[in-house]
Every structure is written in structure tokens, then in C-alpha cells.
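In what follows, every chain begins at residue 1, and chains take the letters A, B, ... in the order their sequences are listed.
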Number of protein chains: 2
Amino acid sequence: MSDAETAELKVLDTAQRLFDARGVQAVGMDAIRSASGVSLKRLYQLFPSKDLLVEAVLRRRDEAVRSSLAAHGERTADGPYERALAVFDWLAAWFAEPEFRGCAFINGFGELGGVSPAVAAISRDHKEALRAYFAEQTDALGAPLVLADQLSLLANGAMVVAGITGSAEPAAQAKAAARVLLDTTR
Amino acid sequence: MSDAETAELKVLDTAQRLFDARGVQAVGMDAIRSASGVSLKRLYQLFPSKDLLVEAVLRRRDEAVRSSLAAHGERTADGPYERALAVFDWLAAWFAEPEFRGCAFINGFGELGGVSPAVAAISRDHKEALRAYFAEQTDALGAPLVLADQLSLLANGAMVVAGITGSAEPAAQAKAAARVLLDTTR
DNA sequence: ACATCGGGAGAACGATCGTTCTCCCGACCG
DNA sequence: CGGTCGGGAGAACGATCGTTCTCCCGATGT
């Protein structure tokens, strides 16, 4: 049934948008229902509880971010050096979206990480994946592993500062810093 | 009345500890009451609403962090170069605390920044203060302002990654990266 | 045509939460 | 000693929320 699939997509899209804008706990199931047009009954047979919906939203976003990042790297950059730097261009485009209010995993961990082991684990895995992506590039450069950690710190710091200040500048600042680190460690 | 003052301190300490551990919305006023031993009546005459209590907790923490950071810089470091790097030692000590679960302003912004302009503003001011502290040091070194922004990205990235992964390592990694940036821009 | 079934709209339920109110005690003041 | 007042404990209230239930309609199969 493509009917069930499109309903599921509408719910996930709507929930993601509302969670991003207001946080998870400030968004009721009823708000998701009216914004998505999917009835409560259907909503609960797709996602038996709000917790499960939250986890599904985060997991889907995790996949989307990983593939978007990888695609951007392959599309715009040749070689590990350029691919590592291209992450920050990808961040810049993300920060420039008008609804941008920070990273859903950082925000979700802050809100729910202390009470939901599932959310904490998903956030941890997601951040580990970003570090692993940087590690792929630094490995290919023969650089030490700590460089990947440091690039990940710059990227996450840029997400936080861009989210809180509402500016996209941190992406470019982080990119310049990343270039210095990449050049120094060679 | 030192009675009212100690009650206020007990409430602020307790609320801060519970908010840090579980997030703001997961902590009810009743939990603050039983953990602090301050009656609801008194609690509400000290802080007329939970929103105001949340803001008071964040504002007090803002002051505490600013003076703790400045004190650590004066105590352990001579000159702007060392003081900029000392921030990351200060982070390392913070991350090593067993209850550490990330920065209250980053977490608070993620949870409430979308619905509470007050929380968003306090978080923004706090992060701006960190940037300004770095800017003091980089100015004294005659370095360009963007270096302060970059050091602030490293510090905030370290807070996020340390909080999510539960490791204190990001502080040392960020410090090493900061040293490279400081040395390069000279 | 009629029975059946899935699903929509939204009322209802139970729990929780922020906030206020009631009741009571103990201290202070004439 | 009697009255008053501040404050503690916790019940009560109203709102909200996650979740379920009721009622009804429309489609489908025979």
C-alpha cells in the first residue's frame, strides 16, 4: 500500500519539522496529527508510541544526513583533503536554511539524553559516524586519527554556534581552521 | 533573612542539578521541592513560575561560569597565549566531573530555545561571552578576530562531543588544535 | 443489496504538571 | 495567655498530553 507509506512519510516529515522548530516535548501528538493530516488512529498504528516516533524520526534523519554528506563529498570534491573540507561547505548550506535551529541530535540529546537511553544512543552513533567520515579522509591522507576528532569538534562546534546565534558564518570559520589543521598535520 | 537566602540557594542548586541530569521539562516543581526540602509555597514566592526559575538557574550559572573561567585563567596562566589554552584545561576538569552531561546552555537552547525567547537570549549571551573571552586573548596577541571565533568553535564542539560520548578526551584534542591555530596565526 | 471492515473525526480517559488553596502548627507580641 | 501571622505539608484544581474508545461513513465483496 503506497497509502500507508505516504502517510508514514507525512508523519515523519511533519514530526521532524515540528520537533526541529519547538523541541520534542513541546510538540503534542495532536499537533502532529493536525499538521500532517494523518488521523490519530493511523498515527498510532504506524508508531505505537511517541517515544518510538521520536526514535524513528532521529533514525531516519541519521540515514539522511549520512547519505547527504557522502553524496556531497563525492559530488563536489576529489580526494580526501578536499572531501574533509567539503564537509564545511555542506554545513554552510545547511546553516543557511531559514528554519535551521541547530543539530537535531545535539538538541535531542540535550532534551532527552538524560531520560531516554535510546535517544542518547542514536545521538552517540550519529556523532560517531561523522567522526568516522572524517577518519576515512584523514586515514587516506596518512594523518593521525586525532585529526579526525579535531575536525569533528570543529564541525560540531559550528553546528552549535550557528544554531544559537542564527548565523551561518561558523561554517566558513570552521573550514578555515580545518584547513590549517589539515595543512599542519601533513 | 539568611533563611530566605539559603532557601533560594538550595532551590537554585537543586534545580540546576536536576535540570542538568534530566533536562528541564522532565523535572517537575514537585521534584525540586522534595529534593531541596523547600516547600512549594516558599518556592513560588521565591520564583513565581517555573519559567522564571529556569531563567534564574541559567543566569546564575552564566555568572558562575564566567568568573570560574576568568579565575582559572588568572590562576594558572600567564599571558594571553597561555590563557587561551588554559580554557581547554578548564574544560577538561569540567568534563571529568561524573555528572557531566554537556553544557547547560547548549542543552537548554536545544530544549527550550524554540519556545522561550528568554532562554534563547541567555544562551546566546553566554556563548558570546565565551567568544569575548577568547577575543581578549587573541586581541592581546595581535591576532585576527576570527581566531577567537575558531577557538570558540573548538570549545563548544568539545562540550558537545564530551557530553554525548561521555569522554573527557575532547578537551585535550581541542587544546592541541587550538595550539596549532594559535601558532599558525602568529 | 447487504454485511463487513478499515479508517476518519474527535470525545474520553488517566496521568502528570504547574499553580493555588486549605488546614494546621509554632512563634512572636500585646 | 490569647490572638495573629508566616510558613510547612500536601490536597485540590485546571490544563495539557499521551493514548484509547466510540461512533459513523464509505468502500468492497458476494
Rounded distance in Å - OH (A/Tyr44) to C1' (C/dA9): 16 Å

Length of the line joining B/Leu53:CG and C/dC17:C1', which is rounded to integer Å: 14 Å

Phosphate OP1/OP2 of D/dG10 contacted by B/Arg33 side-chain N/O (<4.0 Å): yes

Among D/dG7, C/dG10, C/dT20, the one nearest B/Arg42 by side-chain distance: D/dG7

Rounded distance in Å - CG (B/Asp51) to C1' (C/dT19): 12 Å

A/Asp89/A/Lys175 salt bridge by N-O under 4.0 Å criterion: yes

d(CG, B/Asp30; P, C/dT20) in whole Å: 15 Å

Sugar-phosphate only, base, or nothing, as touched by B/Val27 at under 4.0 Å among non-hydrogen atoms: sugar-phosphate

Phosphate OP1/OP2 of D/dC17 contacted by A/Gln25 side-chain N/O (<4.0 Å): no

CD (B/Glu63) with more than 12 external heavy atoms under 6.0 Å: no

Atom-to-atom span, CZ of B/Phe47 to C1' of C/dT19 - whole angstrom: 16 Å

Matching residue for B/Arg61 among B/Asp125, B/Asp20, B/Asp13 - test: salt bridge (Lys or Arg N to Asp or Glu O under 4.0 Å): B/Asp20

Side-chain N or O of A/Lys41 closer than 4.0 Å to phosphate OP1/OP2 of C/dG8: no

Whole-Å gap separating P (C/dG18) and CZ (B/Phe19): 9 Å

Rounded distance in Å - CD (B/Glu8) to P (D/dG7): 14 Å

Value in whole Å for how far the P atom of D/dC17 lies from NZ of A/Lys50: 8 Å

Test log, rule salt bridge (Lys or Arg N to Asp or Glu O under 4.0 Å), inputs A/Glu128 and A/Arg131: CA-CA 5 Å; A/Glu128 169 55 27; A/Arg131 194 196 80 112; 3.4 Å; yes

